Amino acid sequence: MKEGSLDLVRRAQQGDHEAFNELVERHAPGLYRLAVAVIGPDSAADVTQDTLLRAWVDLRSLRDPDRIGAWLRQILLNRCRDVVRARQRVRVLSLDAAAVPGAPFSPDPAMAIDRTTDLQQGLEALTLDQRAILALHYLADLPIRDVAQALGVPEGTAKSRLHSAMRELRRTLGRAPDE
Amino acid sequence: MSDPSRDRGDPLERAWQPLRSTEPPESLYQAMRQGIRETPQRPGQARIARSLGALAAVLGVAAIVVGGALWSARPVGPGTAPPASQPGTAPPALILSAPVPGKLWSFKGQQVPWNVLSLAKGPGHCGWENVLFLGMNSRLGEPTMSSDDLMEYVRDPSNAWATASDRPDAPRTLGRFEPSVPEPADAVFTGYVYHDGMELWRSEAATDDVAFLRRGDVWERWPRSAEPIACM
């Protein structure tokens with residue numbers, strides 16, 4: 001029987017490498033997908049790795065092991081914001097990217113994701129926060145309540161931001177708004 | 001768990017499907033396995049056992065852990081501990097960032113634990129990603145178990161950390177970072193070498209207010225942090 005996450009976290013908090021490696025196996029795919037959506041495929045692996053390593057270092061500060069998933073997502077989103085700020089400072093320009101506040105993706109032909117999909121093109125035009133809220137809801141499959149908690153905003157605020165981000169994404173994808 | 005009001009037939013829902021099947025590269029898992037081998041966890045409070053049986057096991061394990069801790073807490077390094085801090089000097093600051101996997105200090109060719117000597121970047125969300133913090137115990141060579149023992153030296157070439165003007169409680173350093181100084185006449189090599197060959201030196205005259213980092217002919221002067229560092 002597969003060991004529960006709670007037991008794995010507790011063992012990992014005691015320094016058990018195998019337990020943490022198992023947690024990595026379980027959580028890395030979801031974190032990586034979130035990173036790809038929020039910050040782009042180029043930096044997604046690095047940001048995911050940095051997130052998991054920080055989680056290992058600070059794991060004993062996690063008082064509620066049940067919340068490991070939410071905690072990891074929070075670390076990852078904070079790390080994404082760090083990367084975006086660093087990019088804006090360095091002002092790296094890419095021929096294929098527009099200078100949008102959310103920091104553009106840069107093309108990486110090594111990535112398996114088809115970068116010509118509508119979704120990738122649509123996400124590129126959004127801000128980091130818009131991508132984050134869409135990815136948390138559509139990719140991580142979180143209900144609005146959990147999205148709000150992940151972003152540290154009231155539920156009503158999360159709802160309106162989500163609708164606004166959806167409207168913007170539909171617009172950039174060339175679809176008519178819902179309303 | 002997911003929102004029942006979502007329309008699974010919505011084209012926007014289906015657009016996410018390719019991303020849902022994306023997998024991280026295998027290299028990420030390999031790097032993580034290496035990273036956690038090389039990176040110690042920050043000490044934290046252990047969960048208190050609820051049952052008598054678990055309590056007995058914890059006590060037994062604690063005896064082993066304490067014994068092991070006494071063994072591992074032996075000083076790593078020669079008698080190069082810095083002079084004792086003067087009364088009234090500022091309290092030590094906090095290590096903020098995890099070190100990079102594989103990039104550790106060594107003493108006489110042997111890697112030392114991260115809590116003996118560490119070099120880490122500042123957190124990016126405070127704009128300190130170009131600031132380096134060198135953390136050590138006030139008795140160099142001993143592992144740092146709490147912030148009471150911790151001293152940090154700061155490499156802050158752009159003064160991003162030292163003069164954070166939007167923070168009225170911005171921490172300060174005991175002196176300024178200087179990227180190129182003459183070799184101190186009383187410089188003493190501590191024996192600690194970073195993975196890329198950078199060396200840690202001390203100066204008797206400068207006491208523990210300053211650390212000197214040498215790379216080839218270049219000597220850098222890193223001041224000690226004067227106040228606890230906090231970044232929210």
Side-chain angles (χ1 to χ4, degrees), chain A residues 10 12-15 17 20-21 24-25 28-29 31-33 35-37 41 44-46 48-50 52-54 56-63 78-79 81-83 85-86 89 111-114 117-120 122 134-135 137-139 141-146 166 169-170 173 175 178, chain B residues 1-7 10-47 58 61 65 95-101 114 118 120-130 158 160:
Chain A
R10 285 178 177 150
Q13 284 178 322
Q14 301 306 313
H17 290 181
F20 191 80
N21 282 327
V24 169
E25 297 276 338
L31 291 172
Y32 178 76
R33 291 164 196 152
V36 169
D46 286 343
T48 305
Q49 181 182 329
D50 192 31
L52 290 166
L53 189 60
R54 286 176 192 226
W56 163 252
V57 171
D58 291 329
L59 194 59
R60 294 174 188 180
S61 70
L62 177 62
R63 289 180 187 155
N78 286 340
R79 190 68 190 98
R81 290 193 180 93
D82 292 345
V83 172
R85 287 198 195 98
R89 250 183 230 110
M111 292 306 299
I113 296 174
D114 179 4
T117 60
D118 284 349
L119 181 68
Q120 291 287 341
L134 287 169
H137 187 61
Y138 284 103
L139 202 54
D141 248 1
L142 296 184
I144 293 291
R145 177 187 64 248
D146 291 352
M166 283 169 58
L169 183 60
R170 287 184 201 281
L173 294 178
R175 291 175 171 83
D178 262 350
Chain B
M1 276 287 287
S2 51
D3 187 348
S5 68
R6 279 167 60 178
D7 177 9
D10 183 352
L12 198 59
E13 283 274 1
R14 293 199 301 273
W16 290 88
Q17 194 51 46
L19 198 48
R20 288 197 186 104
S21 55
T22 301
E23 293 293 327
E26 179 59 32
S27 57
L28 183 148
Y29 298 100
Q30 293 167 358
M32 280 309 304
R33 281 190 282 272
Q34 180 186 353
I36 67 172
R37 272 199 303 271
E38 296 173 353
T39 311
Q41 293 178 308
R42 284 190 215 270
Q45 296 195 356
R47 292 185 82 88
V58 165
V61 169
V65 168
I95 293 176
L96 300 174
S97 293
V100 180
W114 178 58
S118 71
K121 290 190 299 182
H125 62 265
C126 282
W128 298 347
E129 62 277 4
N130 293 322
S158 61

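Just the heavy atoms: all of them, side chains too, but no hydrogens, waters or symmetry mates, feed the values below. Proteins get letters first, then strands, A, B, ... in listed order; numbering begins at 1 in each. Remember, predicted model here, so these are calculated numbers, not experimental data.
Residue with the most contacts toward chain B among L59(A), D46(A), L134(A), T48(A): L134(A) (heavy-atom pairs, distance under 4.5 Å).
For the residue pair Y29(B) and E25(A), the shortest heavy atom distance occurs at CD2-OE2, 3.9 Å. When every heavy atom of R33(B) is checked against every heavy atom of N21(A), the shortest pair comes out as CG-OD1, 3.5 Å. The minimum heavy-atom distance linking P24(B) with P29(A) is given by the pair CD-CA, 3.8 Å. Nearest heavy-atom pair, E23(B) versus R33(A), reported as atom, atom and distance to 0.1 Å: OE2-NH2, 2.6 Å.
Considering CD of Q41(B) and NE2 of H17(A), their distance stands at 7.0 Å, rounded to 0.5 Å. How far CG of L19(B) is from CG of L139(A): 4.5 Å, rounded to the nearest 0.5 Å. For the atom pair CD of Q34(B) and CG of L53(A), the computed distance is 10.5 Å after rounding to the nearest 0.5 Å. The CD1 atom of I36(B) lies 5.0 Å from the CH2 atom of W56(A); values are rounded to the nearest 0.5 Å.
Taking 4.5 Å as the limit, some side-chain heavy atom of L28(B) sits within range of a side-chain heavy atom of L52(A).
In this structure, no portion of L31(A) lies under 4.5 Å from any heavy atom of chain B.
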